[in-house]
Amino acid sequence: MEYNSKLEPIALPEYGRNVQNMVRHCMTIEDRDQRNRAAQRIIHAMRALSPSHLEAEGAENIYWDHLAIISDFKLDIDYPEGTITEEKARAKIDRLPYTSHKARFRYYGHIIEGMIERVCKMEPGKQRAMLEYFIALQMKRSYMTWNRDTVEDLTIFKDLFVLSDGAIMLTPENCKLVINPNSIDRGGKQKIPKKMLKLR
């Protein structure tokens, strides 16, 4: 019995082993015209097996690109203009630059820090006070998500004071953070109130 694990790896699994075998056979055809016709039939089969590519921009080239890849760029036929080359396929892609921003308290995240920064620029008043409360509430929710089931409000107020560089000072006397434990997402996703999203 022949096991798949002993067979040649499939270059593009979406087309299956039969297409790969067809490509391997096509590579053995000596006459170039016959080889081109065989390649056209393979492209037709690839379209039938994976029609989702037809909806993409430059759909026709996608199949020819895949044909070249399946053959490991060894199939010598008349490819359409713009087909991927081996040099382009194997070229190293530059790494995407990552932001170097580091949150002072990782469990709050840099989004919260950005909100605090925006709120600190607002004039004192009812709207700012409301947003300060919602930030503190979200901080408590984030803290409980990543650390423990409960946390003292005073701890949140101290952290908020530090993150705002002393611009926001809430106390247990003038602010009470009430959170339903069932609203805590233990999967690690922050649930940010819609009103807060406007500040992002």
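Note that these values count all heavy atoms, side chains included, but never hydrogens, waters or copies made by symmetry.
Between the CZ atom in Phe73 and the OG1 atom in Thr83 there is a gap of 10.0 Å [rounded to 0.5 Å]. Atom CD of Glu113 is separated from atom CG of Leu163 by 5.5 Å, given to the nearest 0.5 angstrom. Asn21 CG to Ile70 CD1: the interatomic distance, rounded to the nearest 0.5 Å, is 10.5 Å. The structure places CZ of Phe134 at 10.0 Å from CZ of Arg141, a figure rounded to the nearest 0.5 Å. Remark: Arg24 CZ to Asp72 CG distance equals 7.0 Å, nearest 0.5 Å. The CD1 atom of Ile135 sits 12.5 Å away from atom CD1 of Ile156, with the distance rounded to the nearest 0.5 Å.
Residue Glu152 places its CD atom among 12 or fewer non-hydrogen atoms of other residues, nucleotides or ligands, all under 6.0 Å distant. Environment of CD in Glu117: sparse, with no more than 12 heavy atoms of neighbouring residues, nucleotides or ligands closer than 6.0 Å.
Clustering ILVMFWY residues whenever any of their side-chain heavy atoms sit less than 4.5 angstrom apart, transitively, puts Ile84 in a cluster other than the one holding Ile62. Neither Ile10 nor Leu67 shares a network with the other; the hydrophobic side chains, linked directly or stepwise wherever heavy atoms of I, L, V, M, F, W or Y lie under 4.5 Å apart, form separate groups for each. Grouping the Ile, Leu, Val, Met, Phe, Trp and Tyr side chains by contacts below 4.5 angstrom, directly or via other members, places Leu12 with Met27. Under the 4.5 Å side-chain heavy-atom criterion for ILVMFWY residues, a single connected hydrophobic cluster contains both Leu160 and Val162. Met22 and Ile29 are assigned to two separate hydrophobic clusters, defined by single-linkage of ILVMFWY side chains at heavy-atom distances under 4.5 Å.
Considering every non-hydrogen atom in both Leu170 and Phe157, the closest pair reads O-CB, 3.3 Å. The two residues Glu14 and His66 make their nearest non-hydrogen contact at OE1-CE1, 4.2 Å. Contact between Cys26 and Ala38 at its shortest, heavy atoms only, is SG-CB, 3.8 Å. The two residues Glu81 and Asn61 make their nearest non-hydrogen contact at O-ND2, 3.5 Å. Across every non-hydrogen atom of Met139 and Ile116, the tightest pair is SD-CD1, 4.3 Å. Minimum interatomic distance between Val151 and Thr155 (heavy atoms only, all atoms of both residues): CG2-CB, 3.9 Å.
Side-chain N or O atoms of Ser50 include none that pairs as donor or acceptor with a backbone N or O of Met46 at under 3.5 Å. Side-chain N or O atoms of Gln138 include none that pairs as donor or acceptor with a backbone N or O of Ile112 at under 3.5 Å. Judged by distance alone, with hydrogens and angles left aside, the side-chain atoms of Asp31 form a donor-acceptor pair with the main-chain N or O of Asp33 at under 3.5 Å. The backbone N or O of Pro9 lies less than 3.5 Å from a partner atom in the side chain of Gln20, making a donor-acceptor pair. With Asp153 contributing its side chain and Pro172 its backbone, the two residues share no donor-acceptor pair below 3.5 Å.
For Arg41, there are no salt bridge (charged side-chain N to carboxylate O under 4.0 Å, His left out) partners two or more places apart in sequence or in a different chain.
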(request) Decide side-chain contact (heavy atoms from CB on, under 4.5 Å) for Arg35 and Leu75; before the verdict, give the C-alpha distance in whole Å, the side-chain angles of both, and the deciding distance to 0.1 Å. (result) CA-CA 9 Å; Arg35 209 162 52 239; Leu75 179 58; 4.2 Å; yes
(message) Apply side-chain contact (heavy atoms from CB on, under 4.5 Å) to residues Tyr133 and Leu177 and explain how you reach the verdict.
(response) CA-CA 8 Å; Tyr133 169 77; Leu177 302 177; 3.7 Å; yes
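The stretch residues 157-166 participates, sequence neighbours left out, in these side chain to side chain donor-acceptor pair (under 3.5 Å) pairs: Tyr108-Asp159.
Two residues are said to be in side-chain contact when any heavy atoms from C-beta on lie closer than 4.5 Å; Val23 and Lys74 fail this criterion.
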